[in-house]
Student: 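Here it is, the structure in full.
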Protein chains: 2
Amino acid sequence: MPLQGDESVKSNKHPNNFPSADHDHQRCVDSALGKAESYCTARGVRLTKLRHRVLELIWANHRPVGAYDLLQQLTLEGHKASPPTIYRSLDFLLDNGLIHRINSLNAYVGCDHPGLDHAAQFFICGACGQAAELEDTKIDSAISGHARRIGFCIEGKTIEISGTCANCQQQQRDRQG
Amino acid sequence: MPLQGDESVKSNKHPNNFPSADHDHQRCVDSALGKAESYCTARGVRLTKLRHRVLELIWANHRPVGAYDLLQQLTLEGHKASPPTIYRSLDFLLDNGLIHRINSLNAYVGCDHPGLDHAAQFFICGACGQAAELEDTKIDSAISGHARRIGFCIEGKTIEISGTCANCQQQQRDRQG
DNA sequence: ACAACAAATGTTATAATATAACGTAACATA
DNA sequence: TATGTTACGTTATATTATAACATTTGTTGT
Ligand SMILES: [Zn+2]
Ligand SMILES: [Zn+2]
Ligand SMILES: [Zn+2]
Ligand SMILES: [Zn+2]
């Protein structure tokens with residue numbers, strides 16, 4: 001029974017979808033990689049060693065991370081890699097819905113629930129650098145509704161809201177007050 | 001009486017906000033530049049010759065256009081320009097709300113209603129390359145609502161919906177049928 | 001196991017987008 | 001006109017991404 005919802009992951013996260021500071025991050029990485037493995041097996045695509053490692057690095061960062069950052073992290077661990085190496089892995093992961101690209105940051109972030117053809121909506125905190133992926137039906141239906149009214153056929157959506165997350169606002173207040 | 005709504009522009013456009021194929025484009029460019037001039041005068045900022053020309057080129061294209069495309073267009077008309085020249089003008093125009101950046105295209109497009117602190121939502125047609133700027137209250141309030149619920153303080157929004165506009169869908173049907 | 005093919009990766013070079021740093025010119029204000 | 005500020009010119013470089021082709025690895029049929 002592949003690809004079912006995994007509540008254990010949700011419970012590992014802050015209710016507002018931003019990863020909390022003290023979450024069990026290893027479990028968080030392991031869960032994501034485990035899901036990715038099952039998903040690739042189910043789809044009959046190969047999550048090779050390199051692709052697996054790139055996805056692992058993305059989740060280890062647990063925030064949107066640039067291609068050249070990943071490249072450097074690979075290099076630091078001894079893998080002599082050049083740009084096409086990383087971009088090919090990123091392309092695979094994007095094609096298979098295992099990561100998302102954040103256009104406003106030129107960065108890549110792991111997807112919580114791979115395989116679903118879901119609307120990727122992101123709230124991105126400029127203070128902590130973290131991104132929360134959402135699936136707000138109201139936002140999605142508002143957009144679909146407008147598209148229908150103007151006869152627009154939707155192929156892709158980029159919805160990236162930047163600002164400051166609740167945690168970081170609180171920390172800023174603490175520092176000031 | 002600066003910065004008021006100008007219905008004459010709306011009437012120059014297709015109801016779905018995509019510029020129609022036969023719209024009076026010169027009027028469209030003139031109107032945008034005129035508004036920009038008043039706006040800059042009102043705000044006490046300088047729409048210099050270069051900035052004016054860059055904005056004019058952007059509107060002349062009347063679709064999202066890349067920085068290096070603009071650079072080439074400037075060069076073709078004899079202005080020996082280098083990247084900083086164009087990027088500085090783009091920065092000025094962005095800062096003053098006269099253009100928007102389309103993150104998913106690395107491109108820049110003129111803003112219909114400069115000066116308003118409006119939500120920039122775009123529907124972008126991959127066939128004709130045109131972009132429709134919207135201000136759908138439902139979309140905006142759906143996003144604001146979600147932000148409020150998770151305590152997120154919004155600073156900027158990137159909402160870019162890609163696909164095929166009604167006109168281009170019709171043309172595709174005509175070609176096939 | 002072997003050949004033959006396909007998929008993935010390595011490698012080198014280059015494209016496309018954007019900014020840093022510093023000098024010069026134009027403009028504003030007094 | 002002197003002075004300070006803003007904008008622009010110019011050179012170099014940073015950042016992000018892809019093209020092209022060689023090599024390796026994996027798969028499939030025999
Ligand atoms: Zn985590
Ligand atoms: Zn934060
Ligand atoms: Zn026009
Ligand atoms: Zn179109």
Side-chain angles (χ1 to χ4, degrees), chain A residues 36-37 40-41 43-58 61 63-75 77-96 98-109 124 129 158 160, chain B residues 36-37 40-41 43-58 61 63-75 77-96 98-109 124 129 158 160:
Chain A
E37 286 159 14
C40 287
T41 303
R43 291 193 52 159
V45 294
R46 293 167 53 200
L47 187 61
T48 63
K49 201 176 166 184
L50 176 65
R51 291 164 175 172
H52 187 279
R53 185 58 189 145
V54 170
L55 182 57
E56 203 169 17
L57 283 174
I58 291 173
N61 284 274
R63 78 193 57 198
V65 55
Y68 281 74
D69 281 351
L70 291 169
L71 199 49
Q72 189 183 16
Q73 293 176 32
L74 272 184
T75 302
E77 63 189 42
H79 187 134
K80 185 165 169 291
S82 40
T85 299
I86 197 81
Y87 279 105
R88 279 190 291 230
S89 287
L90 290 173
D91 284 346
F92 171 86
L93 296 169
L94 286 169
D95 287 347
N96 290 282
L98 298 169
I99 62 173
H100 292 287
R101 179 172 207 276
I102 309 293
N103 284 320
S104 55
L105 299 175
N106 292 340
Y108 305 83
V109 69
I124 304 161
T158 295
E160 298 165 10
Chain B
E37 286 158 14
C40 287
T41 303
R43 290 193 52 160
V45 294
R46 293 167 51 199
L47 188 60
T48 63
K49 201 175 166 185
L50 177 64
R51 290 163 175 171
H52 188 279
R53 185 58 188 146
V54 170
L55 182 57
E56 202 170 17
L57 283 174
I58 291 173
N61 284 276
R63 79 193 55 198
V65 55
Y68 280 75
D69 282 349
L70 292 168
L71 198 48
Q72 189 183 15
Q73 293 175 32
L74 273 184
T75 302
E77 63 191 40
H79 187 135
K80 185 165 169 293
S82 40
T85 299
I86 197 81
Y87 280 105
R88 277 189 292 230
S89 287
L90 290 173
D91 284 345
F92 170 87
L93 297 170
L94 286 169
D95 288 347
N96 290 282
L98 297 169
I99 62 173
H100 292 287
R101 179 172 207 276
I102 308 293
N103 284 319
S104 56
L105 300 175
N106 292 340
Y108 305 83
V109 69
I124 304 162
T158 295
E160 298 166 10

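Quick note on labels: first sequence line is chain A, next is B, and so on, each numbered from 1. Worth knowing before you read on, the calculation uses all heavy atoms, side chains too, and leaves out hydrogens, waters and symmetry mates.
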Student: Starting at CG of B:L70 and ending at P of C:dT17, how long is that distance when rounded to a whole Å?
Tutor: 11 Å
Student: With heavy-atom distances below 4.5 Å as the criterion, would you say the side chains of B:E160 and B:L105 are in contact?
Tutor: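 A side-chain contact under 4.5 Å is absent here.
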Student: Could you give me the CA-CA distance, side-chain angles and deciding distance for A:S104 and B:N103, then say whether side-chain hydrogen bond (donor to acceptor under 3.5 Å, both in side chains) is met?
Tutor: CA-CA 6 Å; A:S104 55; B:N103 284 319; 4.9 Å; no
Student: Starting at CG of B:N96 and ending at P of D:dT6, how long is that distance when rounded to a whole Å?
Tutor: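 Rounding to the nearest Å, CG of B:N96 and P of D:dT6 are 14 Å apart.
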Student: Side-chain N or O of B:T85 versus OP1/OP2 of D:dG9: is the shortest distance under 4.0 Å?
Tutor: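 Yes, B:T85 has a side-chain N/O under 4.0 Å of OP1/OP2 on D:dG9.
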Student: Take the protein atom CD of A:Q72 and the nucleotide atom P of D:dT16, then report the distance between them rounded to whole Å.
Tutor: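 Taking CD of A:Q72 and P of D:dT16, I get 12 Å after rounding.
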Student: Using heavy atoms to find the nearest nucleotide of DNA chain D for B:S89 and A:N106 separately, return the residue whose nucleotide is more 5′.
Tutor: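 On the 5' side of the pair lies B:S89.
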Student: Name the residue from A:V65, A:L74, A:D69 that meets the side chain to side chain contact (heavy atoms under 4.5 Å, CB included) definition with A:L57.
Tutor: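 Testing A:L57 for a side chain to side chain contact (heavy atoms under 4.5 Å, CB included) against A:V65, A:L74, A:D69 leaves exactly one candidate, A:L74.
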Student: Can you pull out every salt bridge (charged side-chain N to carboxylate O under 4.0 Å, His left out) where at least one residue sits in residues 46-58 of chain B? Sequence neighbours excluded, please.
Tutor: B:R53-B:E56, B:R53-B:E77
Student: Please pick, from C:dT17, D:dA20, C:dT19, the nucleotide with the shortest atom-to-atom distance to any side-chain atom of A:R88.
Tutor: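 Nearest nucleotide to the side chain: D:dA20.
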Student: When the distance from CG of A:L74 to C1' of C:dT9 is rounded to whole Å, what number comes out?
Tutor: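 Rounded to whole Å, this separation is 13 Å.
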Student: For DNA chain D, whose closest nucleotide is more 5', that of A:A107 or that of B:S82?
Tutor: B:S82
Student: Stacking check: are the rings of B:Y87 and C:dT19 less than 5.5 Å apart at their centres and under 30 degrees in tilt?
Tutor: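 Per 5.5 Å and 30° rule: no stacking.
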Student: Between C:dG10 and A:H79, is there an OP1 or OP2 to side-chain N/O distance shorter than 4.0 Å?
Tutor: yes
Student: Could you measure the distance from the OH atom of B:Y68 to the OH atom of B:Y87? Nearest 0.5 Å is fine.
Tutor: 5.0 Å
Student: Main chain of A:L71, side chain of A:T75: is a donor-acceptor contact present, judged purely on distance under 3.5 Å?
Tutor: yes
Student: Using a heavy-atom distance cut-off of less than 4.0 Å, which residues of residues 46-58 of chain B contact DNA chain D?
Tutor: B:R46, B:T48, B:L50, B:R51
